[in-house]
Participant: 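Pasting in a structure now, in structure tokens, and then I'll have a few things to ask.
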Protein chains: 2
Amino acid sequence: MDNALKARYRIRAGIIKAMAHPTRLFLVEELSRGERCVCELTDMVGDDISTVSKHLAVLKNAGIVADDKRGTQVFYSLRCPCVLNFLSCVESVLMTNAAERATMPV
Amino acid sequence: MDNALKARYRIRAGIIKAMAHPTRLFLVEELSRGERCVCELTDMVGDDISTVSKHLAVLKNAGIVADDKRGTQVFYSLRCPCVLNFLSCVESVLMTNAAERATMPV
DNA sequence: TTCTTATTTTACCAAATTGCCAATAATATG
DNA sequence: CATATTATTGGCAATTTGGTAAAATAAGAA
């Protein structure tokens, strides 16, 4: 694979990687229901606010979410609704896995 | 977030994580065109065969690909064609990013 | 200005990931 | 059987990631 092609895949993998964490996946799913401020998200996640803030920064850096500061609060929102397709595909992989396991020979 | 919910997100993130690597993303895309043996994939990737084999094991473990040994060769194939939706969504995130950058103030 | 709330950044450590080499396993062929 | 081919596994060093506490920033209120 030549370098230009490698770089292409590196960039794309970076976007996927941004979602490849339980907390960030939760954040994406929650934001798919509408914008939320960091403190709301922090309450839901239950981790330290600095941890949640970092996860949001990762998502923002990948271009998956947008932020909007209003007063002392920062509101995050999904920038590309299509990321939910990721989740529905993940569900089909899980269902395929479950089906396979059910018919597995002992 | 309670533990059961956390576990749910961990499992789902695991599937996404399996694709969150440049080489593995390439492998998924290549396999979307049909089954390939490890040596073919190794030639295309250009890394050591042990490295490629390990990447394929990660994808298999997540349930994204299936393997089929025939003689001395092992053929891998995509198990859920929907993973290609991931890729098209990644493209729209990239396009949104590019559009944003183009209209960004200096 | 000083205080308070909301968020981000920095510094640090533990844990996980990557990729290569060497060793091993499985199968085919002479 | 000996040997070659294909692939997987184990071990290891280098790098990256994840999470927290503490410090820094930003905005509004008193």
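Each chain gets a letter, A, B and so on, in the order its sequence line appears, and its residues count up from 1.
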Participant: To the nearest Å, how far apart are B:Q73 CD and D:dA4 P?
Facilitator: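 Going from CD in B:Q73 over to P in D:dA4 covers 19 Å.
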Participant: Near DNA chain D, counting only heavy atoms under 4.0 Å, which residues of residues 54-71 of chain B show up?
Facilitator: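 Correct list: B:K54.
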Participant: Do the non-hydrogen side-chain atoms of A:M44 and A:R36 ever get within less than 4.5 Å of each other?
Facilitator: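 They are in side-chain contact.
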Participant: Check B:E35 against B:S77 and note the closest heavy-atom contact, atom names and distance.
Facilitator: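 In this case the closest contact between B:E35 and B:S77 is CB-CB, 4.0 Å.
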Participant: Could you tell me the boundaries of the chain B footprint on DNA chain C, defined by atoms under 4.0 Å from its heavy atoms?
Facilitator: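 Contact boundaries, 5' end first: C:dT17 to C:dA28.
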Participant: Identify, between A:S50 and A:T72, the residue whose nearest nucleotide on DNA chain C lies closer to the 5' end.
Facilitator: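 Its nearest nucleotide lies further toward 5', so the answer is A:T72.
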Participant: Mind running a 4.0 Å heavy-atom check of residues 15-41 of chain A against DNA chain D and sending the residues that fall below it, in number order?
Facilitator: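 A:K17, A:H21, A:R24 - these, ordered by number, are the residues of the stretch whose heavy atoms sit under 4.0 Å from the strand.
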Participant: How close do A:L56 and A:V65 get, counting heavy atoms only, and between which atoms?
Facilitator: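 For A:L56 and A:V65, the tightest heavy-atom pair comes out as O-CG2, 4.0 Å.
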Participant: Any sub-3.5 Å donor-acceptor pair from B:R24's side-chain atoms to B:A20's backbone N or O?
Facilitator: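 Not at all, since once roles are kept as given, no pair shorter than 3.5 Å links the two residues.
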Participant: Side-chain contact, heavy-atom cut-off 4.5 Å: A:I16 with A:R12?
Facilitator: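 No, too far: nothing below the 4.5 Å cut-off.
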Participant: For B:I49, which of B:L41, B:V38, B:D43 qualifies under side-chain contact (heavy atoms from CB on, under 4.5 Å)?
Facilitator: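 Looking at B:L41, B:V38, B:D43, the match for B:I49 under the side-chain contact (heavy atoms from CB on, under 4.5 Å) is B:V38.
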Participant: May I ask you to test the A:L25-A:L87 pair for a side-chain heavy-atom distance under 4.5 Å?
Facilitator: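 Yes, at least one pair of side-chain atoms sits under 4.5 Å.
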Participant: Heavy-atom count around A:M1 CE within 6.0 Å, excluding the residue itself: above 12?
Facilitator: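 Atom CE in A:M1 is crowded, with more than 12 foreign heavy atoms closer than 6.0 Å.
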Participant: So, does B:S53 use its side chain to make a donor-acceptor pair with the main chain of B:S50 at under 3.5 Å?
Facilitator: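 No, B:S53 side chain to B:S50 backbone: no donor-acceptor pair under 3.5 Å.
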Participant: Is B:Y76 close enough to D:dT8 that one of its side-chain N or O atoms is under 4.0 Å from OP1 or OP2 there?
Facilitator: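 Yes, B:Y76 has a side-chain N/O under 4.0 Å of OP1/OP2 on D:dT8.
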Participant: For A:A13 and B:H21, work out which heavy atoms get closest and say how close.
Facilitator: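 Between these two residues, the closest heavy atoms are CB-C, 3.6 Å.
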